[in-house]
Amino acid sequence: MPIVQVAFDLPLDRLFDYKAPDATAEDVGLRVLAPFGSTLKVGVILKVSDKSDWPEEQLRALTSVWRDVPPLAPEDLRLLGFCSTYYHHPLGAVVLGAFPPGLRRTKGWVPPRRRKAPVAGTPVPVPALTAAQGAAVDAVLEQAEKGFQAYLLHGVTGSGKTEVYLHLIRHVVSTGRQALVLTPEITLTPQLEKRFRERLPDVPMVSMHSGLGEKERAMRWLDAQGGRAAVVLGTRSAIFCPMPRLGLIVVDEEHDGSYKQQEGLRYSARDMALVRAQQLQIPVVLGSATPALESWWNAQAGRYRLLSLSERAVPGASLPRIRLVGPPPPRAPDIAPAILEAIAARLERGEQSLVFINRRGYAPVLFCSQCHWVSACDRCTANMVVHLRRRELRCHHCGQRHPIPKACPSCGNAHLETLGSGTQKVETALQTRFPAARVLRLDSDTLARPQAWEDTVQTIHDGHADILVGTQLLSKGHDFPKITLVAALGADNALYSSDFRSGERLFAQLVQVAGRAGRTAGQGEVLVQTAFSGHPLFKALLGHDYRSFAQQELEQRRLTSFPPFAYQALLRAASENPDALENFMREAAAQALALAREVEVYDPVPPPLARVSGKSRLQLLVQSSHRSRLQEFLTAWQVRLQGVSCGPVQWSLDVDPAEL
Ligand code: ADP
Ligand code: ZN
Ligand code: ZN
């Protein structure tokens, strides 16, 4: 009697045996419905054999084997297996997580009636490639049939990286293969999709992101798995989408933080793209104006091939001029006079300005100058942010809200002040200063509505806004031709943060926002407000010089033995009971020290947010200059950690953590 081994989405690193009279080896990768305890669960068959370690009479039979959806292919399971091993996350959870939610339900999958073929886009003229673009395309195509190669396409903003992807994709599709394109943000997907459809009007394409309904998402996933979609355009999780004839992977804005999942399976979609390409022996192209230092280092070391686009593609367009401006005197609105003047000049000429500040809300904190009370959250080590529209204080970490107090809760002072600025305060200040201007705020508060983003993009394109005030949502990928001025506020907040990657992130962010200025023609201008004009980061920024920034940053990393010169993992733990947390971490550290070979074990420390939603947190960093050593260590350590009685403590391992 055939026995199948089934994986479930459980926090357990094991498979479960079932009797399955009609199962064959072909059934590996199929979804099944199986009795589990007193319920039914959806699982995936990972092995078919004729024996079990359990006595046969104890085995239960599968309720059903679902053959309506094709099985995951061996190469899909191989990628998922790697992912489970590398991130030390249970295989069942990884495998089930690869399916769209609609195919994880116990109800079974009822395929909706097939829609009509998607409408083709309207073709648009194809620009002749610049010499640099042509060289990049040729370099990839030359190698394409020969197997795995990683490329780092380093191109300044507006240099035509997307054009390079399009050429490569057209070629790959013309040879009957599929292409997978990863994009960081859900807000970017519609724009990129539109461009792809216009340029590849005859190519069946699906986009995949979390904004889709369950049925639609499952349909598209099945189109990819069935080979009917030649191109898949998707956010992070699309990296696991089965594609039987995959011939090329593109990771756009490869440095972007959203490629790293921050909960559950803490994978990096960019890193998994490399693994998948290597397993399939196909090319992978990572594109960015500000590559992650890990990627840049890999290119320097010759592991990736570097392709450079150093000029803007549109004839006549040049990179914007960047200037630093000092902050305004204290107590004035947080916007430097030079910035206000520059905006006034744009208003006069009928051009758009973009003011970037990476903080939503009115002000990051409410403050009493008499007794120094601040609006701290009582459940988190964070301040509650002032949201003036709703007249409330909001914690951005635990979500709790209170009305703004009329007087200081501690001393009764009726004149509470706000410190610092968020998007709302900047919006108000600009509207007061320029009453006739149409000021538009873009942050996750104003863009919460599903259609809001597209409406807003249209408003900007149609020229119905003069000044845009926004968070990082505005910084990426969008082409707004009428913006000729970009002003960045609040850069200094990131300059002296405790995370060793904060400089890298700030540089990337400033380059991206600066890239919004003067995209098509004419000289754009960028003003960065800072009190630290001598900082080396700004020197590199003024010269649009990613290379020298990367070089100085890598030098630092080498001296301090931080990534990319070391591989890291972080044990994170949280508990409502601080004593239990301490005990667990002490034990975890002791176990780590006992196991460590060529692995450095740091002391447990609280993260920058030491308490969130009433739970205390501690973290423990381990690192090694050998990836394999770190992996061996983690495997052994994880087994020991599972043996530590941790009571009310939740813990998880984060391999290659993006934030410390
Ligand atoms: P990136 O992705 O590097 O930021 P894009 O691919 O979006 O750059 O290109 C920036 C702009 O340049 C777009 O408006 C695009 O249509 C235009 N463009 C790209 N390549 C060319 C080319 N070879 N000739 C003319 N215009 C181009
Ligand atoms: Zn007070
Ligand atoms: Zn809170």
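First listed ligand is number 1; within each ligand, the first listed atom is number 1.
Ring centers of Y304 and W296: at least 6.0 Å apart, outside the cut-off. Checked against a 6.0 Å centroid threshold, the rings of H154 and H255 do not count as neighbours.
Side-chain atoms of T459 and H464 include no donor-acceptor pair closer than 3.5 Å. Side-chain atoms of E254 and S295 form a donor-acceptor pair, as typed in the model, at a separation below 3.5 Å. Looking only at atom types and distance, the side chain of T157 has a donor-acceptor partner in the side chain of R312 under 3.5 Å away. For the residue pair Q551 / S548, no side-chain donor-acceptor distance below 3.5 Å is found, with atom types taken as modelled. No hydrogens or angles considered: a donor-acceptor pair under 3.5 Å links the side chains of R346 and T484. Between R236 and Q261, the side chains place a donor N or O and an acceptor N or O closer than 3.5 Å (distance only, hydrogens not considered). A side-chain donor-acceptor contact under 3.5 Å links T423 and D443. Side-chain N/O atoms of S258 and D256 include a donor and acceptor closer than 3.5 Å.
With values rounded to the nearest 0.5 angstrom, E351 atom CD is found 11.0 Å from I483 atom CD1.
Close approach of ligand 1 to P127 (heavy-atom distance below 4.0 Å) involves ligand atoms 22 (C), 24 (N), 25 (C). Short contacts between ligand 1 and E163, defined as distances under 4.0 Å to a heavy atom of the residue, involve ligand atoms 6 (O), 20 (N). Interface of L129 with ligand 1, defined as ligand atoms under 4.0 Å from a residue heavy atom, comprises 23 (N). Set against the non-hydrogen atoms of T130, the atoms of ligand 1 under 4.0 Å away are 23 (N). Near T162, meaning under 4.0 Å from one of its heavy atoms, ligand 1 places the atoms 2 (O), 5 (P), 6 (O), 7 (O). With ligand atoms numbered from 1 in the order given, ligand 1 contributes 22 (C), 23 (N), 24 (N) to contacts under 4.0 Å with heavy atoms of A128. In summary, the atoms of ligand 1 found under 4.0 Å from a heavy atom of R195, numbered by their order in the structure, are 5 (P), 6 (O), 7 (O), 9 (O), 15 (C).
Backbone and side-chain nitrogen or oxygen atoms of Q133 are examined, and one is located within less than 3.5 angstrom of a nitrogen or oxygen of ligand 1. Inclusion of G160 in the set of residues having an N or O under 3.5 Å from an N or O of ligand 1 is warranted. Residue P315 places no N or O, backbone or side chain, under 3.5 Å from any N or O of ligand 1.
Here the angle centred on the Zn ion (ligand 3), running from SG of C395 over to SG of C380, is 110°, rounded to 10°. Take the Zn ion (ligand 3) as the corner point: the lines to SG of C377 and to SG of C398 open at 110°, to the nearest 10 degrees.
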Taking only distance into account, with no hydrogens and no angle test, what donor-acceptor pairs under 3.5 Å do side-chain atoms of residues 608-616 form with protein atoms, sequence neighbours excluded?
from, atom 1, to, atom 2, distance (Å)
R611, NH2, D378, O, 2.4
K615, NZ, Q650, OE1, 3.1

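In this structure, S159 has a heavy atom closer than 4.0 Å to ligand 1. Using 4.0 Å as the threshold, R312 has no heavy atom nearer than that to any atom of ligand 1.
A salt bridge is defined here as a Lys NZ or Arg NE, NH1 or NH2 lying under 4.0 Å from an Asp or Glu carboxylate O, and K482 with D466 fails to meet this definition. Residues K425 and D334 are not paired through a salt bridge, judged by the lack of any N-O separation under 4.0 Å between the basic side chain and the carboxylate.
For A289, no heavy-atom contact with ligand 1 is shorter than 4.0 Å.
Take the Zn ion (ligand 2) and draw a sphere of radius 2.8 Å; the protein N/O/S atoms inside it number 4.
Residue nearest to atom 4 (O) of ligand 1, selected from G134, G515, A313, G158: G158 (by heavy-atom distance).
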